[in-house]
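Chain letters run A, B, ... following the sequence lines, proteins first, then strands; residues in each count from 1. Model, not experiment: these values are computed from the prediction.
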Number of protein chains: 2
Amino acid sequence: MPKTPPARTKRDVILEAALDLFSRYGLHGTSVDDIAARADVSKSNLLYYFSSKEALYVALLRDLLVLWMEPLRAFSAEQDPVEAIQAYIRLKLINSRDRPEASRLFCLEMIQGAPLLREELDQMVRRVVEEKSGVIRAWVASGRLAPVDPDHLIFALWATTQHYADFGVQVQSITGKTLADPAFFEATIENVQRIILDGIVKR
Amino acid sequence: MPKTPPARTKRDVILEAALDLFSRYGLHGTSVDDIAARADVSKSNLLYYFSSKEALYVALLRDLLVLWMEPLRAFSAEQDPVEAIQAYIRLKLINSRDRPEASRLFCLEMIQGAPLLREELDQMVRRVVEEKSGVIRAWVASGRLAPVDPDHLIFALWATTQHYADFGVQVQSITGKTLADPAFFEATIENVQRIILDGIVKR
DNA sequence: GTCTATATGCCGATAGAC
DNA sequence: GTCTATCGGCATATAGAC
């Protein structure tokens, strides 16, 4: 029984339009009219698929959270830590380049105290981080990684990579480049990897 | 001629209330009524001091931007780079602890493409970063710092420190602590400094 | 499933008295 | 400078025909 092809349903179109707008203007800065216009459906038709604006917003966040945590799941104690972390930085920067809206939407939600995502935060995210903290601890214990608090390392990895999506405007204002520029993209990967892995102190 | 004492004018009270709310709910998520209530003034009285909600928002951003860039200004080529960067990380984390609202407001504005701050970004921020990039380049050239792109280093410093303000909810959800906890605060400084300066590769 | 029309409430800003 | 009253606009959501 072949799976139904990933048809671009109207629901998906609406979700995508909503992501574009919510991630830039926030829940309150976006009107249902705006989303409907961008998705090329009527407002009442949109409200047929999602019972309210907030329901649409929450549906979006839930869908994205899973994708968002995926790169971290790859960590396992058997891997070489340097390779694993290098690969992780590359993956997250690919996300920042290809799906900056997703990153921005999470950032918006976090800033506002994650009122609609707190439950997932306190459960799923917490669980994954705890598990992966264990992996990092094992790397440190086996002498393959310098002593570092796993939580703070994960925060540093998140922060340095998501920065290029969330603060993309600032990055562009300062460097004149975006991650869409292949040379700049590779230089970014290289520099983030070097800073996190090797630090900047001369030896 | 002694300066007038820093009297807490009504204008200041309004600005502070606005910061609290804007930084959490954004420009559109905050009503003038909300701000007025929190500042304990009437709505029309507020609109006597600020001609519109947007004017208030912009006034706030301009005031904060100056404070926000201050820690970076301290960088100078004569300093020892390790000490300068350690001090910088500490200062920024103090800001994240004591004024998380300011950090969040900037983050919000950046995510939205900085429509009301782009001019300042392209001028003042850009100028300061260019100047301090020169300092970092000098540190590298003189062999006191490992080779690193100055812009990416500045991004990494910003990202890792501001993360504790902007994603404070997530930090608390995962670690159970906030920067208000003195032990956690010192551990954070220590870990961020170590990651950026020494990296995490075992040698 | 999709549409038009509309009910309903909120919010920014102004008018004008004091 | 501060107040009360209110206008006008916009946005969410629903009703009900097709």
Side-chain angles (χ1 to χ4, degrees), chain A residues 4-63 101 105 108-109 111-113 115-117, chain B residues 4-63 101 105 108-109 111-113 115-117:
Chain A
T4 46
R8 190 162 213 64
T9 69
K10 196 176 264 197
R11 199 171 178 276
D12 296 333
V13 175
I14 294 170
L15 280 167
E16 196 182 312
L19 173 57
D20 282 347
L21 293 171
F22 282 149
S23 69
R24 210 164 297 264
Y25 308 111
L27 173 63
H28 302 287
T30 305
S31 75
V32 177
D33 257 324
D34 294 340
I35 301 169
R38 175 171 276 250
D40 206 40
V41 300
S42 76
K43 178 167 56 169
S44 14
N45 196 201
L46 187 155
L47 288 166
Y48 167 77
Y49 285 93
F50 297 92
S51 60
S52 72
K53 181 168 84 162
E54 216 180 75
L56 169 55
Y57 185 77
V58 173
L60 200 51
L61 279 179
R62 294 180 107 87
D63 280 6
E101 324 81 24
L105 191 67
L108 271 177
E109 185 61 13
I111 285 177
Q112 307 191 0
L116 302 168
L117 213 63
Chain B
T4 46
R8 190 160 212 67
T9 68
K10 194 176 265 198
R11 199 172 177 276
D12 295 333
V13 175
I14 294 171
L15 280 167
E16 197 182 312
L19 174 58
D20 281 349
L21 294 171
F22 282 149
S23 70
R24 209 165 297 263
Y25 308 110
L27 174 62
H28 302 288
T30 306
S31 74
V32 177
D33 259 322
D34 294 340
I35 302 168
R38 175 171 275 250
D40 206 39
V41 300
S42 74
K43 177 166 59 167
S44 14
N45 196 202
L46 186 155
L47 287 166
Y48 167 79
Y49 285 95
F50 297 92
S51 59
S52 73
K53 182 167 84 161
E54 215 180 78
L56 169 55
Y57 184 77
V58 173
L60 200 50
L61 278 179
R62 295 181 106 86
D63 281 5
E101 325 81 25
L105 192 65
L108 270 177
E109 184 62 13
I111 285 177
Q112 307 191 1
L116 301 168
L117 214 63

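Atom OG of residue A/Ser23 and atom CD of residue B/Gln112 lie 10.0 Å apart, to the nearest 0.5 angstrom.
Spacing between atom NE2 of A/His28 and atom P of D/dC10 amounts to 20 Å, rounded to whole angstrom units. A/Tyr25 has its OH atom 14 Å from the P atom of D/dA11, to the nearest Å. Spacing between atom OH of A/Tyr49 and atom P of D/dA13 amounts to 18 Å, rounded to whole angstrom units. For the pair A/Leu47 CG and C/dC3 P, the interatomic distance rounds to 12 Å; values are reported in whole Å. Per the geometry, CG belonging to B/Asp33 stands 14 Å off C1' belonging to D/dA5, to the nearest Å. In this structure, A/Leu46 places its CG atom 14 Å from C1' of C/dC3, rounding to the nearest Å. Residue B/Phe50 contributes atom CZ, which lies 19 Å from atom C1' of C/dT14 at whole-angstrom precision. Atoms CG (A/Leu21) and P (D/dA11) sit 13 Å apart, rounded to a whole Å.
Between A/Ser42 and the phosphate of C/dT2, there is no side-chain N or O to OP1/OP2 separation shorter than 4.0 Å. In this structure, B/Tyr48 reaches the D/dG1 phosphate: one of its side-chain N or O atoms is under 4.0 Å from OP1 or OP2. Look at B/Lys43 and you won't find any side-chain N or O under 4.0 angstrom from OP1 or OP2 of C/dT14.
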Inset, instruction - For A/Phe22 and A/Ile35, run side chain to side chain contact (heavy atoms under 4.5 Å, CB included): C-alpha distance rounded to whole Å, both residues' side-chain angles, the deciding distance at 0.1 Å, then the answer. - result: CA-CA 9 Å; A/Phe22 282 149; A/Ile35 301 169; 3.7 Å; yes
Inset, instruction - Verify side chain to side chain contact (heavy atoms under 4.5 Å, CB included) between A/Asn45 and A/Lys10, making sure each step is shown before the conclusion. - result: CA-CA 10 Å; A/Asn45 196 201; A/Lys10 196 176 264 197; 3.0 Å; yes
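Nucleotides of DNA chain C nearest to B/Ser51 and A/Ser44 differ in position, and the one nearer the 5' end is that of A/Ser44.
More than 12 heavy atoms of other residues, nucleotides or ligands lie within 6.0 Å of OH in A/Tyr57, so this atom counts as buried by the packing criterion.
Side-chain atoms of A/Lys53 lie closest to D/dA13 of the nucleotides D/dA13, C/dG12, C/dG1.
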